[in-house]
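Encoded as structure tokens, the structure appears first; notes follow it.
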Amino acid sequence: MDLNKDAVHRQDDVESGYDAKYDDVVIQNDTFAIKREALGTDLPPNYWRSPGFIGTVAALCFGNISNYLSFVLPANSLALINETLGPSNNISWVSLAYTLGLAVGFLIVGRIWFFICGNFLALLCGVMGAVAKDINTLIGGNILGGLAGAVQISFTVAISELVPNKHRPLWVVGIFASSFQFAAFGPVIAQALVANTVLGWRINYYINIAVAGMAVLLFVLF
């Protein structure tokens, strides 16, 4: 019976174009086969201190922070934004546009260029917000911010490919924690920046330009 199952798996692999070395498979059933290297038990020397690993994790952290900068801070400055660029009946769409973009963005998946392009959209969101002269421009920018947010939140998928399964919860929590200050105190920070900076509410978008730009740079380099 086992030989028959093995023959079936081999035939399925041939038909799918997957050439597996069964000596390397440590977990296998009728649905999937997991190779030894996927368990993360034989990582290269100094893997955890390698520039590639550190740079990629840093990029994921910057992307996660950018996600909150794209939404939380502007959403808590709508009244002041409306006073500057309005008044407009569409001011509520500045925050709703992010949610719309986020919903659409979750339908898209990818790998390295998925994260590079997603964070580049966050960079464009920051640029559009920083130079906006009307509410509609902000709405368009926040749609891009929502699309970017779907990519940036997907760091859980990326980190799962970088660390062994037993370490994944710790790393996911750590990357989430990198945005703690904006996730928990975003409204307070937004009001403080508005009250104490020359740029006012636009400073939110300038900060996002720097953070999203750093994420893009690190993804490209590492």
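Just so you know, these numbers come straight off a predicted model, no measurement behind them.
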Using the rule that Ile, Leu, Val, Met, Phe, Trp and Tyr join whenever any side-chain heavy atoms are under 4.5 Å apart, tell me whether [X] and [Y] fall into a single cluster.
{"X": "Ile112", "Y": "Ile108", "answer": "yes"}
{"X": "Val220", "Y": "Ile209", "answer": "yes"}
{"X": "Trp113", "Y": "Phe222", "answer": "yes"}
{"X": "Val104", "Y": "Phe106", "answer": "yes"}
{"X": "Leu69", "Y": "Ile203", "answer": "yes"}

Out of curiosity, [X] [atom1] to [Y] [atom2], how far, rounded to the nearest 0.5 Å?
{"X": "Thr84", "Y": "Asp134", "atom1": "OG1", "atom2": "CG", "answer": "12.5 Å"}
{"X": "Arg168", "Y": "Thr156", "atom1": "CZ", "atom2": "OG1", "answer": "11.0 Å"}
{"X": "Leu102", "Y": "Ile143", "atom1": "CG", "atom2": "CD1", "answer": "12.5 Å"}
{"X": "His167", "Y": "Leu162", "atom1": "NE2", "atom2": "CG", "answer": "13.0 Å"}

> Do other residues, nucleotides or ligands put more than 12 heavy atoms under 6.0 Å from the CZ atom of Phe185?
Replying inline: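 At most 12 heavy atoms, drawn from other residues, nucleotides or ligands, come within 6.0 Å of this atom.
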
Heavy-atom closest pair, residues [X] and [Y]:
{"X": "Gln181", "Y": "Ile189", "value": "O-CD1, 3.4 Å"}
{"X": "Ala103", "Y": "Leu107", "value": "O-CG, 4.0 Å"}
{"X": "Ser66", "Y": "Ala212", "value": "OG-CB, 3.6 Å"}
{"X": "Trp48", "Y": "Ile54", "value": "O-CG1, 3.8 Å"}
{"X": "Ser77", "Y": "Asn204", "value": "OG-ND2, 3.5 Å"}

> Would Trp201 and Leu73 count as a side chain to side chain contact (heavy atoms under 4.5 Å, CB included) if you check the C-alpha gap in whole Å, the side-chain angles of each, and the deciding distance to 0.1 Å?
Replying inline: CA-CA 9 Å; Trp201 57 266; Leu73 271 63; over 6 Å; no

In a table with atom names and distances, give each donor-acceptor pair under 3.5 Å that connects a side chain of residues 116-130 to protein atoms at least two apart or in another chain.
{"from": "Asn119", "atom 1": "OD1", "to": "Gln152", "atom 2": "NE2", "distance (Å)": "3.1"}
{"from": "Asn119", "atom 1": "ND2", "to": "Phe115", "atom 2": "O", "distance (Å)": "2.8"}

> Pairs in or reaching into residues 130-158: which pass ring-ring contact (aromatic ring centres under 6.0 Å, His included), with residues at least two apart or in two chains?
Replying inline: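 Pairs touching residues 130-158 that pass the test: Phe155-Phe176.
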
> What residue pairs, at least two apart or across chains, pass ring-ring contact (aromatic ring centres under 6.0 Å, His included) with a residue in residues 58-103?
Replying inline: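 Qualifying pairs: Phe71-Tyr98.
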
>> Under the side chain to side chain contact (heavy atoms under 4.5 Å, CB included) test against Ile91, which residue among Leu138, Ile135, Ile139 passes?
In response: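 The side chain to side chain contact (heavy atoms under 4.5 Å, CB included) with Ile91 is passed solely by Ile135 among Leu138, Ile135, Ile139.
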
> Knowing that exactly one of Val211, Asn64, Val72, Ile65 qualifies, which makes a side chain to side chain contact (heavy atoms under 4.5 Å, CB included) with Phe182?
Replying inline: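 Only one option passes, and that is Ile65.
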
> Hey, is the main chain of Asn76 close enough, under 3.5 Å, to the side chain of Gln191 for a donor-acceptor pair?
Replying inline: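 Side chain of Gln191 to backbone of Asn76, a donor-acceptor pair under 3.5 Å: yes, one is there.
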
>> Walk me through whether Leu218 and Leu60 qualify under side chain to side chain contact (heavy atoms under 4.5 Å, CB included).
In response: CA-CA 9 Å; Leu218 289 173; Leu60 294 173; over 6 Å; no

>> Could you walk me through whether Asn82 and Ser88 satisfy the side chain to side chain contact (heavy atoms under 4.5 Å, CB included) test, starting with their C-alpha distance in whole Å, then the side-chain angles of each, then the deciding distance to 0.1 Å, before giving a yes or no?
In response: CA-CA 7 Å; Asn82 200 33; Ser88 172; 4.0 Å; yes

> Should Leu78 and Ser95 be marked as a side chain to side chain contact (heavy atoms under 4.5 Å, CB included) after you check the CA-CA gap, both sets of side-chain angles, and the distance that decides it?
Replying inline: CA-CA 8 Å; Leu78 292 183; Ser95 57; 4.1 Å; yes

>> With no hydrogens and no angle check, just 3.5 Å: does a side-chain donor-acceptor pair link Asn67 and Ser70?
In response: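 No pair is found: no donor N or O on one side chain lies under 3.5 Å from an acceptor on the other.
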
